[in-house]
Protein chains: 2
Amino acid sequence: MICVENGGRVYSITQLCQEFDVTARTIRHYESCGLVEPARQGQRRVFSERDRVRLRLVLRGRSLGFNLSEIAEMIDLYDLDPSEVAQLERTLAYGRQKISQLESKRAAISEAIEELRAWERKLGVQLQRRLRQQSEEGKR
Amino acid sequence: MICVENGGRVYSITQLCQEFDVTARTIRHYESCGLVEPARQGQRRVFSERDRVRLRLVLRGRSLGFNLSEIAEMIDLYDLDPSEVAQLERTLAYGRQKISQLESKRAAISEAIEELRAWERKLGVQLQRRLRQQSEEGKR
DNA sequence: ACCGTACCTTACGTTAACGTAAGGGTCAAT
DNA sequence: ATTGACCCTTACGTTAACGTAAGGTACGGT
């Protein structure tokens with residue numbers, strides 16, 4: 001069931017649960033942390049497209065080993081209107097720090113991938129040897 | 001203080017704590033999970049080079065958002081001697097699965113980096129504009 | 001009128017990954 | 001002989017991130 005409200009597509013909590021494979025409890029928890037800010041129709045939460053995007057960002061951050069407060073700081077970078085220059089500079093500096101943090105994480109992952117690939121090649125060779133041995137035994 | 005025991009460099013718990021910036025409790029916890037297996041001199045733990053490598057792998061995995069049991073499975077791939085071919089194939093399949101998991105994580109990180117970089121460029125432009133405005137005001 | 005479904009709040013429970021305190025051993029140096 | 005550094009075990013405490021149960025609301029369909 002697709003819902004639209006004054007021009008924007010909106011989502012119920014269970015729709016988002018199904019899309020991202022999380023429980024409602026999880027999304028409500030994220031709301032209580034300020035990670036999403038659904039509107040209300042009576043009691044019910046009404047999630048906007050923006051909420052949906054933020055939810056996706058939260059889940060991505062979570063899978064990368066950030067905790068929810070770090071994630072909050074990071075995604076809050078995207079929607080702020082810093083009036084003071086000083087504030088703007090601090091924000092920019094913080095963002096750059098986060099970028100380099102992410103880059104070193106990526107480097108760590110790349111290392112891990114390379115190591116596992118080397119391991120895989122080694123084990124693949126072993127496996128081939130074993131299989132040939134077995135077929136030799138089969139001929140006798 | 002550098003210690004060597006029958007040909008191999010060994011480490012005390014505090015040496016590893018300092019090197020990797022973790023507490024002794026953390027390392028002992030990893031031992032209780034089987035992530036490191038230090039020898040003993042009396043009561044004291046004696047860590048080998050292998051333990052040190054494994055500790056490094058554990059910390060890397062942790063920073064990438066894996067839990068300790070996932071990490072255990074992954075680093076145990078490196079030192080096993082699978083006698084049966086079936087077991088070897090299962091192990092290889094598991095390793096390949098982990099590789100693709102890591103690859104999708106890397107892709108997610110790359111996305112996050114790109115988004116933040118775009119954000120940074122945008123904010124940088126804003127900042128320049130503000131600074132020019134300020135210097136204009138200064139001239140008057 | 002009744003039911004089922006979707007949704008809500010409140011609040012206690014759980015798990016992983018340690019933190020932290022208490023009490024004790026060993027050994028070299030003063 | 002005592003002190004301080006380093007290390008140990010045992011065991012309860014803590015935090016984040018939800019899980020889960022209990023009880024209630026709203027509403028479209030039969």
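Chain naming here is simple, since letters A, B, ... match the order of the sequence lines and numbering starts at 1 in each.
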Salt-bridged, [X] to [Y], with N to O below 4.0 Å?
X       : Y       : result
D76(B)  : R54(B)  : yes
R60(A)  : E115(B) : yes
E114(B) : R117(B) : yes

With sequence neighbours left out, what residues match [X] under side chain to side chain contact (heavy atoms under 4.5 Å, CB included)?
X      : value
E5(B)  : V10(B), Q41(B), V46(B)
S12(A) : T14(A), Q15(A)
E19(A) : L16(A), R52(A)
Q18(B) : none

Separation of [X] atom [atom1] from [N] atom [atom2], in whole Å?
X      : N       : atom1 : atom2 : value
D21(A) : dC18(D) : CG    : P     : 13 Å
I27(B) : dC6(D)  : CD1   : C1'   : 14 Å
R28(A) : dT10(C) : CZ    : P     : 12 Å
I71(A) : dC18(D) : CD1   : C1'   : 13 Å

Checklist entry - For DNA chain D, which residues in residues 9-18 of chain B have a heavy atom at a distance below 4.0 Å? => result S12(B), I13(B), T14(B)
Checklist entry - Tell me, which of residues 52-60 of chain B have any heavy atom that sits under 4.0 Å from an atom in DNA chain C? => result none
Checklist outcome for this item: Expected list for residues 37-48 of chain A near DNA chain C, using heavy atoms below 4.0 Å, is R40(A), Q43(A), R44(A), R45(A)
Tabulate protein N/O versus nucleotide N/O from nucleotides 11-17 of chain D, keeping only pairs under 3.5 Å, one per line.
residue, atom, partner, partner atom, Å
dA17(D), OP1, L68(A), N, 2.8

Item to check | Q87(A)-R90(A) side chain donor-acceptor pair, cut-off 3.5 Å | outcome: yes
Check side chain to side chain donor-acceptor pair (under 3.5 Å) between [X] and all other residues, then give those that pass, not counting sequence neighbours.
X      : result
R40(B) : E31(B)
R25(A) : none
R50(A) : D79(A)

Checklist entry - Looking at T23(A), does any N or O in its side chain come under 4.0 Å of the phosphate oxygens OP1/OP2 on dC18(D)? => result no
Table of protein N/O atoms under 3.5 Å from nucleotides 28-30 of chain C N/O atoms:
none

Item to check | For C17(B) against T23(B), the heavy-atom pair lying closest together | outcome: SG-C, 3.6 Å
Checklist entry - Of the non-hydrogen atoms in I27(B) and V36(B), which two are nearest, and what is the gap between them? => result O-CG2, 4.2 Å
Next on the checklist: Using a 6.0 Å distance limit plus a 45 degree cone around the ring axis, check whether K122(A) lies over the aromatic ring of Y78(B).
Outcome noted: no
Checklist entry - Is it true that L68(B) and F20(B) fall in one hydrophobic cluster, defined by side-chain heavy atoms closer than 4.5 Å? => result yes
